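Let me begin by presenting the structure, written as structure tokens, before commenting on it.
Because the structure is a prediction, the values reported are computed rather than measured. Side-chain atoms are counted along with the backbone in the values below, which use heavy atoms only and exclude waters and symmetry mates. Numbered from 1 within each chain, the chains take letters A, B, ... in sequence-line order.
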Number of protein chains: 2
Amino acid sequence: MPSAATVRAKRRTTPAVNPRATHLALALRCVAEQSGEISRAGIAAGTGLNRSTASSLIDELIGGGLVREVGSTARTRAGRPGTALALRPDGPAGLGIDVNVDYTAVCVVDLTGKVRYKHVVAEDQRGHGTREILDRVDRLARGARQAAEADGLDLVGSAVAVPGIVDRAGATVTLAPNLGWRDLDVSDLLPAGAHGERAALDNEANFAALSEAGLLRAGGSYLYVSGQIGVGAGIVLDGELYRGSHGWSGEIGHLTVDRNGPPCPCGRRGCLERYAGHEAILRAAGITDGAGTTFGVRPTADLITERAQAGDPATLAALAEAGAVLGGVLAGCLNLLDVGRLVLGGIYRQLAPWLAPEVEREVAAHFLGAGWASPEVTVSTYGAEAPALGAALSVVRTIVADPLRWLTR
Amino acid sequence: MPSAATVRAKRRTTPAVNPRATHLALALRCVAEQSGEISRAGIAAGTGLNRSTASSLIDELIGGGLVREVGSTARTRAGRPGTALALRPDGPAGLGIDVNVDYTAVCVVDLTGKVRYKHVVAEDQRGHGTREILDRVDRLARGARQAAEADGLDLVGSAVAVPGIVDRAGATVTLAPNLGWRDLDVSDLLPAGAHGERAALDNEANFAALSEAGLLRAGGSYLYVSGQIGVGAGIVLDGELYRGSHGWSGEIGHLTVDRNGPPCPCGRRGCLERYAGHEAILRAAGITDGAGTTFGVRPTADLITERAQAGDPATLAALAEAGAVLGGVLAGCLNLLDVGRLVLGGIYRQLAPWLAPEVEREVAAHFLGAGWASPEVTVSTYGAEAPALGAALSVVRTIVADPLRWLTR
DNA sequence: AGCGTATGTTGTGACCGGCAACAAATAGAC
DNA sequence: GTCTATTTGTTGCCGGTCACAACATACGCT
């Protein structure tokens, strides 16, 4: 029997809907869900396809280097034991890069969704030119690529997270105030994949949200709130990122909390950022850096944490107030979207011990479905590396979502 | 060649992914988009399928009674003119029912998306028992069914809109305060389709939103705000209704406008309904019904309109304030969802001359993408019949979305 | 050892879509 | 009026994909 690839090459054009592609994705997804514990027969049962079909699909996935056989399945009942299937930890991997305001992070994730390499460098990007920033990115990316290759991985694509608004196509940065970028077409400037694939581009909060979804679309629906200099959110619906009409969904930093509130640089008044943003918390807690102007994110976030741990009343009050306001706004978001889970990320992650109870209380108080369902407030599993991790994951997810495109180069 | 139906009967089981089903839907969608002006060759061009395949698909759709040939296409260039294809105006149709607080509406929509019958009865349901309300519904549904049958239509399904929260499965009404319904399983109580199909169930605002989307998913993304006794919204993303995790997405009536605002029956303070709801507008305009308690919707909405037309200052001020608050909240919703269009429905439709400018101003002022994109504020094309129409449309849309399920009974 | 059971493979038939060839129907050129 | 170019719709053929059944394989249990 000729290899599947050879056979397909003969096909003149692919039909508008290719069932094989869908079935391959279905089978691969099944393998990913129970990696190492599922057999060909299990795939057949899980997908509803015939055993012979499942077998053929798996053979193709194995031939393409995405799946491998690992021993045999646990034999519980009588009958021939199946050969266990698992995602290949070598093979294609994704590179994620996070160009944040005061640090840059890179991350490599393999096909199984595991982090294989990560590197975070604290560098304040403010005041530096685009060329300089991109050079740093390139340096970090090269380091990651070398490490990945030494580890036997094939980096097949990269994705970049930026603290700003990105157009839906993922080609240009519409606005990243803290990097000084505006309508910048970065599709040619960013490091490409090993085979020349262009880097994907998205907002930091979006990729961070994806880090929580993991490899599969099993994470359900949730709202990921990322506290940074601003306040951003990523919306994940049924494990899939919702990006909106223009790609800037989840921009909640400038939702109005109080029409008569303090003025915001955006030109309006009483924006959420003025209550729950990083600088707002610092100001409310009475923490200044002397000059009283701009702050870096990590050091001062640590400072807040320290003071809170020490029991400083002003800091505790500031966190409580920020949590309450944040919770009130987020409750509205959860109601509108009808999403039952909230994940606190960014600086909110380390501030969660003081922030989360307030958020939880407000959310519960304003949640519509109170009585039938209760919203769940959790803390991000990853820290500063979340955006880079999510970016790297997004690369691998595209392979798992459509393996045929990968198999046919 | 044997008929397609006969051939398919021989097939033992359908594969997990049936390309035929997708292609039939694709072809039918193409017909729907350019009903009466497209030929088989046009379908092929529009879908990317081969002419022979398109022909076979169309033959099956014609055999199934969904499509018919109508004359020939306009002959512009050289070549044989094509036979024009159109959706059948007879054939399957949908029944939509709206059990509103103070009126009941039924509506029949044929396969082309055209309204073939509608009937609105003003009846206040408050204080009436479930049995009584359902009897009314049944009576109206019977009338619609008779009219539809006399018109040569085949009512293949029905959908019911209720002013309240419905579970995601569409089987039970979780809460409809103004009907006095709570956790009511209505799936057996509502009129079924001609072939025993159970009625679909959804929130009034959701179905009203669908009325704006039309038969096809071509309406893009928008937020439909329905002003009733409460304030509800339907979220339509890429022409498809977004229902949320539990089915109660779009419940914006109790979003907090002001944490220190007036108390709301829901137990919280400063909810949107207290500013932009029907009764709030009446109160702010100084319109009372003597007893000062409950109002009906239509008559008092007309009253507001009359006073506004007469230039009553209190009414104009009330509408301006309601519009401003509504616009502020909706701007936040549009930002979160990244949706660029807003449709005003319910009582907001007739109040739009005074409300819309304020809404538009606030939305524009708070819209994030100001500068790159501007939000569009429009008025619902349908009035009180919008929910019933949307409900009926939802039935027909399921056929257009998956014709194979219809063809195989 | 034999039986029942589950797994993986192979061969067959059916369905589906692309392709090419052909008849049909028209516009335009001469 | 006739011929040509062009477009449409149909038909036969072939390749790809999948369901199904039959079979070899490998295990537990008796």
Side-chain angles (χ1 to χ4, degrees), chain A residues 1-27 37-60 62 69 71-85 404 408, chain B residues 1-24 26-27 37-60 62 69 71-85 404 407-408:
Chain A
M1 184 175 114
S3 87
T6 317
V7 170
R8 191 176 341 285
K10 273 200 233 156
R11 186 165 192 100
R12 300 144 268 221
T13 58
T14 48
V17 164
N18 193 342
R20 190 73 175 176
T22 317
H23 289 158
L24 280 169
L26 219 61
E37 296 172 4
I38 195 167
S39 64
R40 289 171 171 80
I43 303 289
T47 58
L49 295 164
N50 192 280
R51 268 213 322 280
S52 62
T53 308
S55 214
S56 142
L57 293 168
I58 292 298
D59 286 349
E60 196 165 346
I62 290 177
E69 300 184 335
S72 40
T73 56
R75 31 201 173 203
T76 57
R77 293 162 297 184
R80 170 177 171 178
T83 48
L85 303 167
L404 184 54
T408 57
Chain B
M1 185 173 115
S3 87
T6 316
V7 170
R8 195 182 334 289
K10 274 200 230 156
R11 188 170 190 95
R12 298 143 271 220
T13 58
T14 49
V17 164
N18 193 343
R20 188 76 175 175
T22 317
H23 289 158
L24 281 168
L26 220 60
E37 296 172 3
I38 195 168
S39 64
R40 288 171 171 80
I43 303 288
T47 58
L49 295 165
N50 192 280
R51 271 214 318 280
S52 61
T53 308
S55 213
S56 142
L57 292 169
I58 292 299
D59 287 347
E60 195 165 346
I62 290 177
E69 300 183 336
S72 41
T73 56
R75 31 201 173 203
T76 58
R77 292 162 299 182
R80 170 178 170 178
T83 49
L85 302 168
L404 184 55
L407 294 176
T408 58

| Can you name the residues that form a side-chain contact (heavy atoms from CB on, under 4.5 Å) with R80(B), not counting sequence neighbours? | none

| Rounded interatomic separation in angstrom, taking CG from N50(B) and P from dC15(C) | 20 Å

| query | CG of L57(B) versus P of dC16(C): gap in Å, rounded? | reply | 10 Å

| query | Starting at CD1 of I38(A) and ending at C1' of dG8(C), how long is that distance when rounded to a whole Å? | reply | 15 Å

| query | Can you find a donor-acceptor N/O pair under 3.5 angstrom joining the side chain of S52(A) to the base of dC20(D)? | reply | yes

| remark: In B/S/- notation (B base, S sugar-phosphate only, - none; protein heavy atoms under 4.0 Å), nucleotides 3-8 of chain D written 5' to 3' is ---BBB

| field | Nearest-Å distance for atom pair CG/C1', residues L26(A) and dC18(D) | value | 14 Å

| Residue pairs, two or more places apart or on separate chains, that pass side chain to side chain donor-acceptor pair (under 3.5 Å) and touch residues 40-50 of chain B | R40(B)-D59(B), R40(B)-E69(B), R40(B)-T83(B), N50(B)-S52(B)

| Inter-residue atom distance T53(B).OG1 - H23(B).NE2, 0.5 Å rounding | 8.0 Å

| Rounded to whole angstroms, how far apart are CG on D59(B) and P on dC16(C)? | 13 Å

| side-chain hydrogen bond (donor to acceptor under 3.5 Å, both in side chains) against T73(B), all qualifying residues, sequence neighbours excluded | none

| Where the side chain of S55(B) is defined as all heavy atoms beyond and including C-beta, which of dG17(C), dT10(D), dT9(C) is the nearest nucleotide? | dT10(D)

| request: Mind listing the closest non-hydrogen atom pair of R51(A) and A41(A) along with its distance? | output: CD-CB, 3.9 Å

| Gap between atoms CD1 and C1', on I58(B) and dT10(D) respectively (whole Å) | 15 Å

| request: Measure from CD1 on I43(A) to P on dC18(D) and round the result to the nearest Å. | output: 14 Å

| Who pairs with S56(B) by side-chain hydrogen bond (donor to acceptor under 3.5 Å, both in side chains), at least two apart in sequence or on another chain? | R20(B)

| request: Kindly say if H23(A) contacts the phosphate of dT17(D), meaning a side-chain N or O under 4.0 Å from OP1 or OP2. | output: no

| note | From CD1 of I62(A) across to P of dG8(C) the rounded distance in Å is 10 Å

| message | Within the structure provided, determine whether L57(A) and I43(A) are in side-chain contact (heavy-atom separation under 4.5 Å). | response | no

